[in-house]
Amino acid sequence: MTQTAVDANAATDQATADADAAAASVPENFSAWSVTELGEPSQALELRTITTPTPGEGQMLVRILASAANFPDVLMCRGEYQVKPDLPFTPGREVCAEVIATGPGVTRAQVGDRVLGLTTLPYGGFSEVALMDQGIVHQAPASLDNAKASCLFIGYQTGWFGLHRLARIQPGETLLVHAAAGGVGSAAIQLGKAAGARVIGVVGGSAKAEYARQLGADVVIDRKSEDFVEIVKAETDGRGADVIFDPVGGETYARSTKCINFEGRIIVVGFAGGEIQSAKLNHALVKNYSILGIHWGLYNTRNPQAVDDCHVELTKLADEGLIEPFVSERVELSEVPAGLQRLADGETVGRVVMEHGAGA
């Protein structure tokens, strides 16, 4: 037998051993933070012992390695999100996890694989174990650790689709990113720089401003003490930004229309500011700019191949070091309610991630 064949057999044996070990680790019960009554995360979440579910058709049971906190997790705790699961449920949609069992028809991953993607409610990621539907499961890049890999899906996919598929951003253009210290905003900064754009980030406070600079923003504006409209005009010789990435909405959107370039594109990502601003279409007509809405989650059902293709591109960018999720806090399972509450209160920068063994 050749050395190549010996090595191949050894690798196969190791993979089989790893898969057997993962399958043997399926617990009868597990701990999870469940929303038992709606409210703020610090009050709504209760640590419960839950019977391990059996994965159904096209599903996989996973051991959670890391789970990234997102603002929709906060909104679900409050009952304010468009998805309203029956109580009790475990939030935490975005995870990096190890497959420990598969249901019938699973072809995208196997036991022992390290994957990322979205959990299937009510079995969310602020837990030891969760369920995932294979259609929204992807292999985790080897270049990212568990915590960073858990952050590569929602924010980076949203940013990539908004900037590339919708806005068609070009090298040399000016990109204005609101909420630049948040999860999706920080992803947009890195993706904008990777696309060759000049990036202006808007944040609230000096600590967040420093973080945006670390991410690579060329210009950082503190909205608490500076007028972003005037600075954007000054930085672009009066032309305005070519692309505006807006997860805030409300008055932020309204003022953004005052510093958008001719044939510019405003990407409406969300309404974290709490107000849904009405668009003045006559103004868009006069200035020849486009208003582009992105609900990224729809692509998972309407065009899943586009999501797969995007993951390939994001993996490539991560492997080349052009993007890297910034994890500002790594918390243990016991610290989830407090960490999620800090996100709800606007006290965080970057990403807060629950990582098993984070405090070890």
Side-chain angles (χ1 to χ4, degrees), residues 55-60 62 64-73 76 81-83 92-99 102-103 105-110 113-121 123-125 130-144 146 148-169 183-188 190-192 194-195 243 245 247 265 267-270 292-320 322-325 351:
E57 180 75 29
Q59 290 186 328
M60 54 194 74
V62 299
I64 300 298
L65 302 173
S67 181
N70 289 280
F71 202 72
D73 295 318
M76 279 194 283
Y81 195 55
Q82 57 259 40
V83 177
R93 296 301 311 281
E94 192 176 23
V95 301
C96 176
E98 179 190 12
V99 179
T102 58
V106 171
T107 58
R108 287 171 65 95
Q110 59 186 1
D113 282 359
R114 178 173 168 264
V115 298
L116 62 81
L118 300 182
T119 59
T120 301
L121 299 180
Y123 299 101
L131 282 179
M132 302 177 77
D133 290 324
Q134 70 166 338
I136 40 183
V137 169
H138 304 265
Q139 296 294 318
S143 58
L144 299 178
N146 295 332
K148 292 176 182 178
S150 74
C151 305
L152 192 65
F153 200 47
I154 298 175
Y156 281 88
Q157 286 259 350
T158 299
W160 195 93
F161 270 82
L163 295 177
H164 288 279
R165 188 178 180 91
L166 298 181
R168 309 289 183 182
I169 194 166
V184 69
S186 60
Q190 292 187 341
L191 290 167
V243 179
F245 191 85
R265 292 85 78 199
I267 309 168
V268 179
V269 185
L292 305 167
I294 178 166
H295 177 189
W296 168 76
L298 287 177
Y299 287 101
N300 287 294
T301 54
R302 299 291 184 88
N303 193 345
Q305 184 60 54
V307 178
D308 289 351
D309 294 343
C310 178
H311 181 70
V312 171
E313 181 63 23
L314 293 176
T315 297
K316 178 183 176 182
L317 291 172
D319 289 345
E320 293 174 352
L322 295 174
I323 61 173
E324 182 180 7
R351 303 303 301 273

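In terms of modelled atom types and a separation under 3.5 Å, the side chain of Arg165 and the main chain of Gly162 share no donor-acceptor contact. In this structure, Gln134 contributes its side chain and Gly105 its backbone to a donor-acceptor pair below 3.5 Å.
Between Asp113 atom CG and Glu98 atom CD the span is 9.0 Å, to the nearest 0.5 Å. The CD atom of Glu324 lies 12.5 Å from the CG atom of Leu317; values are rounded to the nearest 0.5 Å. Leu118 CG to Asn70 CG: the interatomic distance, rounded to the nearest 0.5 Å, is 9.0 Å. Taken to the nearest 0.5 Å, the CZ atom of Arg114 stands 7.5 Å off from the CG atom of Leu144. Between the CD1 atom in Ile323 and the SG atom in Cys151 there is a gap of 11.5 Å [rounded to 0.5 Å]. To the nearest 0.5 angstrom, Ile294 atom CD1 is 7.0 Å from Phe161 atom CZ.
Annotation for Leu322 and Ala194: closest pair CB-CB, 4.3 Å, computed over non-hydrogen atoms. A pairwise comparison of heavy atoms in Pro247 and Val269 identifies CA-CB, 3.8 Å as the closest pair.
Using a 4.5 Å cut-off on side-chain heavy atoms (C-beta onward), Gln139 and Val115 make contact. Residues Leu121 and Met76 meet the side-chain proximity criterion, which asks for heavy atoms closer than 4.5 Å.
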Take Asp308 and Arg108, measure what salt bridge (charged side-chain N to carboxylate O under 4.0 Å, His left out) needs, and give me the verdict at the end. CA-CA 11 Å; Asp308 289 351; Arg108 287 171 65 95; 3.0 Å; yes
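The aromatic rings of Phe153 and Trp296 stand perpendicular to each other, their planes meeting at an angle above 60°, with 30° marking the opposite boundary.
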